[in-house]
Amino acid sequence: GSWSNDIRLTTDSQFDQRPSIAQTKDGRVWIVWSSNRNNRQMDLFFRTYDGTTWSNDTILFNDSDTSCQQFYPLGCDDTGADIVQDRDGSIRVFWSRFLPVQSIGLLGEIFTIESTDNGLTFSTVNQQRLTSNDESDIGPAVFSFKDTRLRVFWTRPSSGLPGVVDILYMKSDPVFT
């Protein structure tokens, strides 16, 4: 088939990168991405499309993680988001947060956050760290399988094998209905 010309969705003067999209049960299309607005660390933003118009750019949550202050005064870098809606209707976003590790620097870990009110709010109370290790976990991709479980996939350098990167995954438990 044929394609339209490109259409600019964001207009911020800083980096807007790594978009991911999903459609929710109500028909809205969601896009999440990373941006370093206001010359600060990378934060996660989203917009929705109702079939007619796009909503405004909205920050997913305010990062208040103080562990990164030696690198970034306002929080940690959050990048590479992916979005999915559970079968119970919760909207979940997965991403890599770059956290400081003593004597190593910054390493990515996989986090998730959920909205239980159809995307009206994404509370940091509902934020969960999924990985914690001495290698950098980045690039999460999530999918809702027919067995009603979510599976999130990501990459990690292979321990002890320089230059080798593996793909790992985990599945949700309990099963979301």
Side-chain angles (χ1 to χ4, degrees), residues 1-86 90-100 105-115 117-124 126-131 136-144 150 152-157 165 167:
S2 62
W3 291 84
S4 71
N5 293 327
D6 56 351
I7 301 165
R8 188 171 182 172
L9 185 62
T10 62
T11 58
D12 186 72
S13 63
Q14 300 298 316
F15 291 110
D16 290 326
Q17 61 186 13
R18 303 206 50 198
S20 177
I21 61 170
Q23 188 168 26
T24 50
K25 294 175 185 177
D26 63 6
R28 287 182 298 164
V29 174
W30 289 70
I31 180 171
V32 294
W33 72 93
S34 305
S35 180
N36 68 336
R37 309 228 168 151
N38 303 316
N39 291 317
R40 50 183 278 166
Q41 81 285 343
M42 299 298 282
D43 288 315
L44 302 178
F45 285 80
F46 73 92
R47 290 180 92 169
T48 60
Y49 181 70
D50 64 9
T52 305
T53 58
W54 284 99
S55 67
N56 293 325
D57 297 0
T58 305
I59 193 166
L60 190 67
F61 60 88
N62 286 310
D63 178 11
S64 59
D65 191 331
T66 59
S67 67
C68 295
Q69 286 184 338
Q70 68 192 60
F71 299 98
Y72 304 105
L74 301 173
C76 299
D77 266 346
D78 294 319
T79 66
D82 199 11
I83 186 169
V84 69
Q85 186 173 37
D86 282 351
S90 295
I91 299 170
R92 294 181 175 266
V93 176
F94 295 78
W95 74 96
S96 298
R97 170 168 289 165
F98 288 85
L99 298 169
L106 295 170
L107 291 179
E109 299 294 351
I110 306 300
F111 280 75
T112 185
I113 194 169
E114 76 173 319
S115 171
D117 57 11
N118 204 31
L120 293 175
T121 58
F122 286 88
S123 171
T124 55
N126 295 327
Q127 184 173 277
Q128 182 180 7
R129 182 177 179 173
L130 298 180
T131 63
S136 203
D137 294 330
I138 59 172
V142 63
F143 191 77
S144 179
L150 296 180
V152 60
F153 298 79
W154 69 93
T155 61
R156 175 189 298 159
V165 177
I167 297 173

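Predicted model only: the values in this text are computed from it and were never measured.
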**Asked** Can you name the nearest heavy-atom pair linking Cys76 to Phe98, along with the distance?
**Response**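 Taking every non-hydrogen atom into account, CB-O, 3.5 Å.
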Taking every heavy atom of Leu106 against every heavy atom of Pro100, the minimum-distance pair comes out as CD2-N, 3.6 Å
* To do: Pick out which of Val84, Ile21, Ile83 makes a side chain to side chain contact (heavy atoms under 4.5 Å, CB included) with Trp30.
  =>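 Going through Val84, Ile21, Ile83 one by one, the side chain to side chain contact (heavy atoms under 4.5 Å, CB included) with Trp30 is satisfied by Ile83 alone.
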field: Non-neighbouring partners of Phe122 that pass ring pair (Phe, Tyr, Trp, His ring centres under 6.0 Å), sequence neighbours left out
entry: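 Only Phe46 meet the ring pair (Phe, Tyr, Trp, His ring centres under 6.0 Å) criterion with Phe122.
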So does Arg28 pair up with Asp50, basic N to acidic O under 4.0 Å? no
| Hey, is Glu114 close enough to Arg92 for a salt bridge, meaning N to O under 4.0 Å? | yes
Are Phe45 and Asp16 side-chain neighbours, meaning at least one heavy-atom pair lies under 4.5 Å?
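Side chain of Phe45 against side chain of Asp16, heavy atoms only: no contact under 4.5 Å found.
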message = Contact between Met42 and Arg18 at the side-chain level, heavy atoms closer than 4.5 Å - yes or no?
response = no
Short side-chain to backbone donor-acceptor contact, [X] and [Y], under 3.5 Å:
X	Y	result
Ser55	Thr48	yes
Arg47	Leu9	yes
Gln85	Lys25	yes
Thr112	Phe94	no
Ser96	Gly80	no
Ser136	Gly108	yes

**Partners passing side chain to side chain donor-acceptor pair (under 3.5 Å) against Ser144 (at least two apart in sequence or in another chain)** =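 For Ser144, no residue satisfies side chain to side chain donor-acceptor pair (under 3.5 Å) once neighbours in sequence are set aside.
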### Message
Please check if the number of heavy atoms outside Ile167 that lie under 6.0 Å from its CD1 is greater than 12.
### Response
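No, the 6.0 Å shell around CD1 holds no more than 12 heavy atoms from other groups.
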Measure the acute angle between the ring planes of Trp95 and Phe111, then classify it against the limits of 30° and 60° as parallel, tilted or perpendicular.
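Trp95 vs Phe111 ring planes: parallel.
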Check your understanding: Do Thr10 and Asp12 meet the criterion of a side-chain donor-acceptor pair at a distance under 3.5 Å?
Key ->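 Judged by distance alone, the side chains do not pair up.
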To the nearest 0.5 Å, atom CG of Asp78 lies from atom CG of Leu44 at 5.0 Å
Open item on the list: Going by the rule salt bridge (Lys or Arg N to Asp or Glu O under 4.0 Å), which residues pair with Asp82 if we only count those two or more places apart in sequence or in a different chain?
Closed with: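 Result, salt bridge (Lys or Arg N to Asp or Glu O under 4.0 Å) vs Asp82: none returned.
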